[in-house]
Amino acid sequence: MKRFPLEPLSRVRDLRLEAAQRRVAECRDEVARAEQRREQARTARGKLVEQRRNHQRERERELSGTDALAPGRLARGERYRAWIDAEIVKCEAILASADAAVAQAEAKLAEELAALHRAQAKVDALQTFRQEWASGVQRERERQEEQAGEELHRASAGSTR
């Protein structure tokens, strides 16, 4: 059987499809990592918020005590609350950054999925063309065999006369 004339193009398209599949897998991994970092930031923020609530409850209980209004104690409590508030703000910034990273990774994944679909469509189109070409080659071979058979039949019929 004849060799498919577009075999080099077919190989190139197969290689491009494989590369697109690898890029999609890498993007999916990056989305997963970004989502994991976002979840870690949410957890850290949640812990700090809970820590602040607990501190506030403690402060309210302490206010009922006799030495609750001691200047050193009030100042320490305020510094601690300010520190927690600053840490919460840092965590919120990290969370916003993580949200942006997830969105960026998802956008990149969408681009790579579109590229994968285009590459797959090109491979499929070439495969369809290959099948049509192979069918045409097969029909041509059958036609040639039939023609050769007719010529052989005519030659044998002519020699028997």
Side-chain angles (χ1 to χ4, degrees), residues 1-57 79-161:
M1 182 172 192
K2 285 184 177 179
R3 184 171 175 255
F4 182 54
L6 297 179
E7 190 59 42
L9 177 62
S10 178
R11 183 66 189 135
V12 167
R13 286 190 176 172
D14 287 341
L15 291 172
R16 287 180 180 163
L17 178 63
E18 291 171 12
Q21 290 168 335
R22 276 192 307 276
R23 286 191 308 272
V24 165
E26 290 167 1
C27 285
R28 284 188 172 133
D29 291 344
E30 182 55 34
V31 167
R33 285 190 300 272
E35 287 174 341
Q36 184 179 19
R37 287 188 300 268
R38 177 175 62 185
E39 192 54 40
Q40 289 171 344
R42 279 186 183 149
T43 301
R45 182 188 178 283
K47 287 178 182 178
L48 284 169
V49 167
E50 185 61 29
Q51 200 173 351
R52 187 181 193 290
R53 271 192 222 117
N54 291 340
H55 174 71
Q56 189 64 32
R57 281 188 219 117
R79 281 194 309 272
Y80 183 72
R81 191 177 53 150
W83 175 80
I84 288 180
D85 288 344
E87 290 299 307
I88 289 172
V89 169
K90 286 179 190 175
C91 279
E92 287 172 347
I94 292 169
L95 181 57
S97 175
D99 283 337
V102 169
Q104 184 178 10
E106 287 174 342
K108 179 70 174 164
L109 175 60
E111 289 174 16
E112 292 300 336
L113 282 170
L116 173 63
H117 292 303
R118 286 190 302 273
Q120 184 65 57
K122 287 181 177 184
V123 167
D124 293 345
L126 192 57
Q127 185 63 29
T128 300
F129 179 74
R130 178 191 301 236
Q131 290 169 348
E132 291 170 358
W133 175 84
S135 295
V137 168
Q138 180 66 28
R139 283 191 304 275
E140 178 64 21
R141 185 176 331 133
E142 289 170 358
R143 187 191 64 73
Q144 287 174 353
E145 288 173 1
E146 187 176 314
Q147 189 178 20
E150 287 175 4
E151 287 176 10
L152 182 61
H153 179 66
R154 271 189 252 140
S156 65
S159 65
T160 56
R161 289 186 188 180

(message) With rounding to the nearest 0.5 angstrom, report the CD1 to CG distance, Ile88 to Leu95.
(response) 12.5 Å
(message) Whether Glu30 and Arg37 form a salt bridge (side-chain N of Lys/Arg under 4.0 Å from carboxylate O of Asp/Glu) is what I want to check.
(response) yes
(request) Report yes or no: does Ser97 contribute a side-chain atom to a donor-acceptor pair with the main-chain N or O of Ala93 at less than 3.5 Å? (result) no
(request) Answer yes when Glu145 and Arg141 have at least one side-chain N-carboxylate O distance shorter than 4.0 Å, and no when they do not. (result) no
(request) Output the distance between atom CD1 (Ile94) and atom CD (Gln40), rounded to the nearest 0.5 Å. (result) 10.5 Å
(request) Report yes if the side chains of Glu39 and Glu35 come closer than 4.5 Å at any heavy-atom pair, otherwise no. (result) no
(message) With a 4.5 Å cut-off on side-chain heavy atoms, are Arg42 and Asp99 touching?
(response) yes
(request) Determine the minimum heavy-atom distance between Arg38 and Ala98, stating which atoms define it. (result) CA-CB, 3.5 Å
(request) Sort out for me which residue in Glu18, Glu112, Glu111 forms a salt bridge (Lys or Arg N to Asp or Glu O under 4.0 Å) with Arg23. (result) Glu112
(message) For a salt bridge (Lys or Arg N to Asp or Glu O under 4.0 Å) check, start with the C-alpha distance between Glu140 and Arg143, then their side-chain angles and the critical distance, and finish with the verdict.
(response) CA-CA 5 Å; Glu140 178 64 21; Arg143 187 191 64 73; 2.5 Å; yes
(request) May I ask you to check whether over 12 heavy atoms, not counting those of Arg130, lie within 6.0 Å of atom CZ? (result) yes
(message) I need the minimum non-hydrogen distance between Glu106 and Val31, along with the two atoms involved.
(response) N-CG2, 3.8 Å
(request) Report yes if the side chains of Gln127 and Asp14 come closer than 4.5 Å at any heavy-atom pair, otherwise no. (result) no
(request) Nearest 0.5 Å please: distance from the CD atom of Gln51 over to the CH2 atom of Trp83. (result) 5.5 Å
(request) Locate the shortest heavy-atom distance separating Ile84 from Leu48; write the atom from each residue and the value. (result) CG2-O, 3.8 Å
(request) Assess whether salt bridge (Lys or Arg N to Asp or Glu O under 4.0 Å) is satisfied between Arg53 and Glu50, documenting all intermediate values. (result) CA-CA 5 Å; Arg53 271 192 222 117; Glu50 185 61 29; 2.7 Å; yes
(request) State whether Arg22 and Glu26 are salt-bridged, where the test is any N-O pair (Lys NZ or Arg NE/NH1/NH2 against Asp/Glu carboxylate O) under 4.0 Å. (result) no
(message) Under a 4.0 Å threshold between the charged nitrogen and the carboxylate oxygen, would Glu87 count as salt-bridged to Lys90?
(response) yes
(request) Determine, for Glu151 against Arg154, whether the closest basic-nitrogen to carboxylate-oxygen distance falls under 4.0 angstrom. (result) no
(message) Please give me the minimum heavy-atom distance between Leu126 and Arg13, naming the atom from each residue.
(response) CB-NH1, 3.8 Å
(request) Quick one: sort the Trp133 and Phe4 rings into parallel, tilted or perpendicular, breaks at 30° and 60°. (result) perpendicular
(request) To the nearest 0.5 angstrom, please state how far the CZ atom of Arg52 sits from the CG atom of Asp85. (result) 4.0 Å
(message) Would you say that more than 12 heavy atoms from the other residues, nucleotides or ligands in this model lie under 6.0 Å from the CD of Gln56, or not?
(response) yes
(message) Quick test of your reading of the model: are Arg139 and Glu142 salt-bridged, counting only N-O distances below 4.0 Å?
(response) no
